[in-house]
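Have a look at the structure below, then the notes.
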There are 2 protein chains.
Amino acid sequence: MELRTLRYFVAVAEELHFSRAAARLGISQPPLSQQIKALEEELGGRLLVRTNRRVALTAAGTLFLDEAREVLARAERASRLVSRLGRGESGQLRIGFTTSVPLTSLLPRTLMHYRQRYPDVDLRMHELNSQRQITPLLEGDLDIGIMRRATLPPELSAFTLIREPLVAVVNAQSELGASDTPLSLAELATQPFVYFSPAAGTGLLDQFNVLFAQRGLTPRLVQEVGGPNTIISLVASGLGVSLLPESFRHIHIDNVRYRPISDADARSEVWLTHARHPLTPQAQHFIQLVREAIAD
Amino acid sequence: MELRTLRYFVAVAEELHFSRAAARLGISQPPLSQQIKALEEELGGRLLVRTNRRVALTAAGTLFLDEAREVLARAERASRLVSRLGRGESGQLRIGFTTSVPLTSLLPRTLMHYRQRYPDVDLRMHELNSQRQITPLLEGDLDIGIMRRATLPPELSAFTLIREPLVAVVNAQSELGASDTPLSLAELATQPFVYFSPAAGTGLLDQFNVLFAQRGLTPRLVQEVGGPNTIISLVASGLGVSLLPESFRHIHIDNVRYRPISDADARSEVWLTHARHPLTPQAQHFIQLVREAIAD
DNA sequence: TCGTAATGATATGCATAGCGTATCAAAAAC
DNA sequence: GTTTTTGATACGCTATGCATATCATTACGA
């Protein structure tokens, strides 16, 4: 017994006429008669009484009509559900992102596009620092991670979404806050620094260390903090200077001034990271949209 | 998409191994791979991830596994239910019978056999006189009627189950009750009669009338009643004599004596009647059992 | 590091299931 | 009685699904 058999039977049972049913099914009448006959033989009893040029359902046929409709409807439903899920039109997409990412316009824009295009996908955003995204990505608890540049295990793959300049964060009342002209890292390094503690897990700290070490500079850290907002607040209070990606300029706090860095390599990257092999269709679509957004 | 496809997919999803699944299905591995591939193309998304010599389900595949199992189970159930019903192993059987029929051993015996053999058939017995069985039989409200010989419309078909002699029912205190020897109808007709009213609808009245008319006899009816038990009671009270099929001897009432009738044609028939064309399998089985019981 | 085993994918040929055309048989309608 | 309707039957063909042979990739062991 196959679904085709059920479709044929339902057609005959509804039309109560073999030729009309065959026309509706787009086949000719003889094979339809044969299939119904075979079905009756398989079930071991008559489903239809063909008498006096009139076709009628037996009790068994009436029952089978209900059952066959039910089976067909379930099969149809299964196909529809799985098709949508498999095409990435439903299901879920879990994205990890760092604090700084919402400040760039790329992510909010792409998320908006994605939600418009795939409104039935359950989008789950998890704010996690770069380090803390790695394990969930490896274990399949996150589909996509958006993070600052970091050292990744080989099972993860990444590409650059954004490459943005670093800017000095200085107190407007201080000596360095008197101007808006570019500063060199060497100049900045003369000042007391407020920066992330290693426990904050941000990829920015690595970039920070590398940049200064390459120049033989060792800035004096007066305060280690957990998040960028704290950094900016402490700079506002005059505790020291700092160095952050340009997108943090969007955070306006009294007494804080952002100055460009003259060093050409003072840049930070935002990465899109994912486990290497089996990307879900939802993740593929998201990445596709991100790439299109970058291309603009 | 066919049920076969679903069976194949379930096998692969359960084994997570194409070759083992193919072995379980009794086919070779290549066609299995092809069918799964075709299924994935039809649904428009991957159901399985074949990676690193390991097969795993995607989210869509996990959903489809549940759905496919459900569809297959429903199809299986439909097949089982309808098969039983179509084979006459379940469903119902509606039998009409007259008052006198339970007195013969044939019907109780056959019913017992039928219930043993087809315990899941809902057997509905309706006590109805011969006339009142005809309409339900014609309209499909009864499958089988068991009745005394009657004139039937051509849409009904019948055969004889029992042919039994008639016996005289006489009062033990009366002149005719003094002996057990055979009586002729002519002798009996000299006595006042207790018999069925036409409203009782029994086929016995027809037979009664025919028998006496053929002999030019017109017995004097002193009382018309509705049922055989009343006849016997009234005979017991001395109101008159009567004529009933032999099986009524099973009703023992004080002061009633049954005497054989010497006329060879003084016989009554019990018929099994049914609508001509589409007998339900349940009715066919019942008739089969009755015929076997008669053959013994 | 290289060879070997395991495993799914691909290529190709064949058998059969299912379809179409032609025709029959029975019954109803005129 | 003739014609029409309609499901069943006969028969040939095609396409689907299967088997055999082989390939490609990867993991594993020496």
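So you know, we letter chains A, B, ... as the sequences are listed, proteins then strands, and number each from 1.
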* Asked: Between A/Asp265 and A/Arg267, is there a salt bridge with N-O shorter than 4.0 Å?
  -> no
Show every donor-acceptor pair shorter than 3.5 Å between a side-chain atom in residues 12-19 of chain A and any protein atom, with sequence neighbours excluded, or say none if there are none.
unit_1, atom_1, unit_2, atom_2, d
A/Glu14, OE1, A/Arg24, NH1, 3.3
A/Glu14, OE1, A/Arg24, NH2, 2.7
A/Glu14, OE2, A/Arg69, NE, 3.2
A/Glu14, OE2, A/Arg69, NH2, 3.0
A/Glu15, OE2, A/Arg24, NH1, 3.0
A/His17, ND1, A/Ser19, N, 3.4
A/His17, ND1, A/Arg20, N, 3.2

* In chain order, what residues pass the side chain to side chain contact (heavy atoms under 4.5 Å, CB included) check against A/Glu2, with sequence neighbours excluded? -> A/Thr5, B/Glu2, B/Leu3, B/Arg4, B/Arg7
* Would a distance-only check, ignoring hydrogens and angles, find a side-chain to backbone donor-acceptor pair under 3.5 Å from B/Glu40 to B/Leu47? -> yes
* **Interatomic distance where CD belongs to B/Gln35 and C1' belongs to D/dC18 [whole Å]** => 9 Å
* To do: Check the distance between D/dG7's P and A/Phe9's CZ and give it to me in whole angstrom.
  => 14 Å
* Asked: Who are the side chain to side chain contact (heavy atoms under 4.5 Å, CB included) partners of B/Ala78, not counting sequence neighbours?
  -> A/Phe64, A/Glu67
* To do: Return the residues of residues 57-65 of chain B meeting this criterion: a heavy atom under 4.0 Å from some atom of DNA chain D. Order them by number, or give none.
  => none
* Asked: CZ of B/Arg50 versus P of D/dC23: gap in Å, rounded?
  -> 22 Å
* Asked: D/dT16 P sits how many Å from B/Glu41 CD, rounded?
  -> 14 Å
* Nearest-angstrom distance from the residue atom OH of B/Tyr8 to P of C/dG8 -> 17 Å
* Is A/Arg84 salt-bridged to A/Asp120, cutoff N-O under 4.0 Å? -> yes
* Interatomic distance where CD belongs to A/Glu42 and C1' belongs to C/dG18 [whole Å] -> 15 Å
* Asked: If only side-chain N and O atoms of A/Lys37 are considered, is one of them under 4.0 Å from the OP1 or OP2 phosphate oxygen of D/dT9?
  -> yes
* **Gap between atom OG of A/Ser79 and atom CD of A/Glu76 - 0.5 Å precision** => 6.0 Å
* Taking CE from A/Met1 and C1' from C/dA17, how many angstroms apart are they, rounded to a whole number? -> 18 Å
* Residues within residues 15-32 of chain B bordering DNA chain C, heavy-atom distance below 4.0 Å -> B/His17, B/Phe18, B/Ser19, B/Gln29, B/Pro30
* Asked: Above 12 or not: heavy atoms from other molecules or residues under 6.0 Å from CZ of A/Arg109?
  -> yes
* To do: For A/Leu39 and C/dG18, give me the distance from atom CG to atom P, rounded to whole Å.
  => 12 Å
Extract all donor-acceptor atom pairs below 3.5 Å that involve side chains of residues 152-162 of chain A and protein atoms in other chains or at least two apart in sequence.
unit_1, atom_1, unit_2, atom_2, d
A/Thr160, OG1, A/Trp271, NE1, 3.4

